[in-house]
**Student:** 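Once you've had a glance at the structure underneath, I'll fire off some questions.
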Amino acid sequence: MPELPEVETVARGLAKLVTGDVIESIWLGGKKEPLKSPAKVIARALENARVHRVRRVGKQIVFDLLDPAGGRSQWVVHLGMTGQMLVCPPDRELKKHTHAIAKLASGRELRFVDPRRFGRLSIAMNGDFTGTGLEPLEVDRETFIRLFRGRQTPIKSALLNQKLLGGVGNIYADEALFRAGIRPRRRAASLTREQLKKLNSSLRKVLNEAICLGGSSISDYVDAAGERGFFQMRHRVYGRAGEACVVCKAPIKRVVIAGRSSHYCPRCQK
DNA sequence: ACTATTTCCTGGATGC
DNA sequence: TGCATCCAGGAAATAG
């Protein structure tokens with residue numbers, strides 16, 4: 001499940017592999033491709049475009065493109081739950097659920113594979129694609145604190161809200177809350193300044209650590225070269241319901257908040 | 001204006 | 001072994 005660290009890893013890998021390359025043609029799967037922009041718009045933007053830059057915005061991968069006439073556009077890819085962007089030789093076996101194939105001038109292919117089809121492809125023409133939320137690794141402390149002021153929703157839900165912060169998903173929300181000692185059900189508005197400060201630094205720390213380890217590979221997450229990440233070994237609460245807390249040995253609890261499983265230590269988190 | 005719930009989608013795990 | 005059921009979850013849509 002690609003969240004900020006996984007998407008960052010994929011984007012960095014793609015940047016290394018395809019920056020400067022030219023997309024010669026694009027194939028988009030059957031009728032039910034996961035497109036947000038019409039297939040025609042996507043094809044027009046991608047064909048003959050040079051990849052100027054690859055970056056991450058929130059949970060999205062953004063390819064900044066330059067067409068032969070110098071026109072700019074962005075190919076925006078959201079990996080959803082199970083999406084993969086793979087760069088491979090053209091004779092590599094075609095994975096089931098391949099929804100898009102871009103043929104590159106270098107002879108390789110860039111493939112979008114997504115079994116569960118929550119991923120989305122779209123084109124942005126505004127020249128400067130920005131996400132809906134603030135970047136958790138860039139936002140300053142006071143802005144971070146202000147984001148949650150007055151919100152009656154559980155802090156866990158607020159962290160998952162992409163309009164506030166972009167890129168935080170279920171795993172890193174749980175892990176950051178554990179490290180900050182805050183229960184996921186606490187109303188955002190009920191947290192003290194000190195707690196929000198701690199949450200901000202815990203979130204930064206956990207995201208940066210995860211990026212260093214190439215993200216968390218829970219099910220089918222791999223980077224652009226097909227490599228798995230290692231941060232799943234550092235999870236302290238996520239996916240550990242019933243197991244002993246690494247700090248106090250109390251059994252980790254699992255509850256459902258906003259339809260998402262949430263994991264926490266009943267002793268360490270208040 | 002906010003917050004909560006439902007829906008989309010498939011593969012893997014579980015249970016009888 | 002086989003079949004049905006449940007579960008995972010990002011974000012848009014819908015409901016309250």
Side-chain angles (χ1 to χ4, degrees), chain A residues 1-11 29-38 56-62 76-85 94-100 112-122 124 129-136 146-177 184-191 203 207 210 215-222 228-229 231-232 235 237-242 252-264:
Chain A
M1 37 214 80
E3 303 179 26
L4 188 152
E6 291 77 30
V7 181
E8 179 69 31
T9 303
V10 173
K31 280 191 177 60
K32 301 207 303 183
E33 326 90 291
L35 306 180
K36 256 166 85 180
S37 304
R56 175 196 61 76
V57 174
K59 290 176 190 168
Q60 318 180 77
I61 301 164
V62 180
V76 182
V77 178
H78 195 303
L79 298 175
M81 282 285 295
T82 52
Q84 300 180 342
M85 287 291 269
L94 212 56
K95 282 196 181 189
K96 201 177 167 187
H97 306 298
T98 298
H99 303 301
F112 176 66
V113 183
D114 183 16
R116 217 164 295 178
R117 310 210 314 200
F118 278 15
R120 290 290 177 265
L121 307 181
S122 62
F129 178 84
T130 50
T132 50
L134 300 171
E135 285 293 330
R146 223 175 301 131
L147 278 180
F148 302 102
R149 185 176 293 162
R151 297 195 175 266
Q152 294 308 308
T153 194
I155 185 62
K156 170 71 183 276
S157 303
L159 285 171
L160 295 179
N161 184 347
Q162 301 298 299
K163 293 195 171 85
L164 301 178
L165 290 172
V168 183
N170 209 33
I171 296 173
Y172 298 101
D174 280 5
E175 293 297 321
L177 286 167
R185 268 204 222 281
R186 284 285 300 278
R187 303 272 141 186
S190 78
L191 298 173
L203 182 60
L207 292 174
S216 304
S217 288
I218 297 288
S219 50
D220 30 20
Y221 161 74
V222 290
R228 293 168 58 85
F231 193 72
Q232 64 278 12
H235 292 175
V237 285
Y238 182 85
R240 297 191 66 244
I252 298 301
K253 281 203 164 200
R254 178 188 174 277
V255 295
V256 174
I257 300 171
R260 297 289 161 260
S261 64
S262 303
H263 314 74
Y264 70 96

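Each chain gets a letter, A, B and so on, in the order the sequences are listed, and its residues count up from 1. The analysis underlying the following values was restricted to heavy atoms, covering all of them including side chains, and did not include hydrogens, waters or symmetry mates.
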**Student:** Spell out, as yes or no, whether a donor-acceptor pair under 3.5 Å connects the side chain of Gln162(A) to the backbone of Gly167(A).
**Tutor:** yes
**Student:** Quickly work out the His97(A) NE2 to dC8(B) P distance and round it to whole Å.
**Tutor:**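 To the nearest whole Å, that distance equals 18 Å.
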**Student:** List in chain and number order the residues that pass side-chain contact (heavy atoms from CB on, under 4.5 Å) with Lys36(A), two or more places apart in sequence or in another chain; answer none if no residue qualifies.
**Tutor:**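 Applying side-chain contact (heavy atoms from CB on, under 4.5 Å) to Lys36(A) gives Arg120(A), Ser122(A).
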**Student:** Would you indicate whether the side-chain heavy atoms of Leu121(A) and Phe112(A) approach each other to under 4.5 Å?
**Tutor:**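 Contact flag for Phe112(A)/Leu121(A) side chains = yes.
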**Student:** Indicate the atoms forming the closest heavy-atom contact of Thr9(A) with Pro5(A), along with that distance.
**Tutor:** OG1-O, 2.7 Å
**Student:** Going by side-chain contact (heavy atoms from CB on, under 4.5 Å), name the residues that satisfy it together with Arg151(A), two or more places apart in sequence or in a different chain.
**Tutor:** Thr153(A), Leu164(A), Ala188(A)
**Student:** Going 5' to 3' on DNA chain C, which nucleotide is the first and which the last to come under 4.0 Å of a heavy atom in chain A?
**Tutor:** dA8(C) to dA11(C)
**Student:** Below 4.0 angstrom, which residues in residues 148-165 of chain A have at least one non-hydrogen atom near DNA chain C?
**Tutor:**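 Close to the strand are Gln162(A).
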**Student:** Side-chain contact, heavy-atom cut-off 4.5 Å: Leu79(A) with Lys59(A)?
**Tutor:**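 No. Closest side-chain heavy atoms not under 4.5 Å.
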**Student:** Just by distance, do the side chain of Arg240(A) and the backbone of Gly242(A) share a donor-acceptor pair under 3.5 Å?
**Tutor:**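 Here the side-chain-to-backbone pair does not exist.
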**Student:** So, the side chain of Glu135(A) versus the backbone of Gly58(A): is there a donor-acceptor pair under 3.5 Å, distance only?
**Tutor:**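 Yes; judged by distance alone, with no hydrogens or angles, the pair exists.
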**Student:** Output all residues satisfying ring pair (Phe, Tyr, Trp, His ring centres under 6.0 Å) with Tyr238(A), sequence neighbours left out; order by chain, then residue number.
**Tutor:**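 Per chain and number, Tyr238(A) pairs via ring pair (Phe, Tyr, Trp, His ring centres under 6.0 Å) with His235(A), His263(A).
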**Student:** Taking only heavy atoms on the protein side, list every residue of residues 253-260 of chain A lying under 4.0 Å from any atom of DNA chain C, sorted numerically.
**Tutor:**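 Contacts with DNA chain C under 4.0 Å: Arg254(A), Arg260(A).
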**Student:** Within less than 4.0 Å of OP1 or OP2 of dT10(B), is there a side-chain N or O belonging to Lys96(A)?
**Tutor:**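 Checking Lys96(A) against dT10(B): no side-chain N or O falls below 4.0 Å of OP1 or OP2.
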**Student:** Just by distance, do the side chain of Glu175(A) and the backbone of Val237(A) share a donor-acceptor pair under 3.5 Å?
**Tutor:** yes
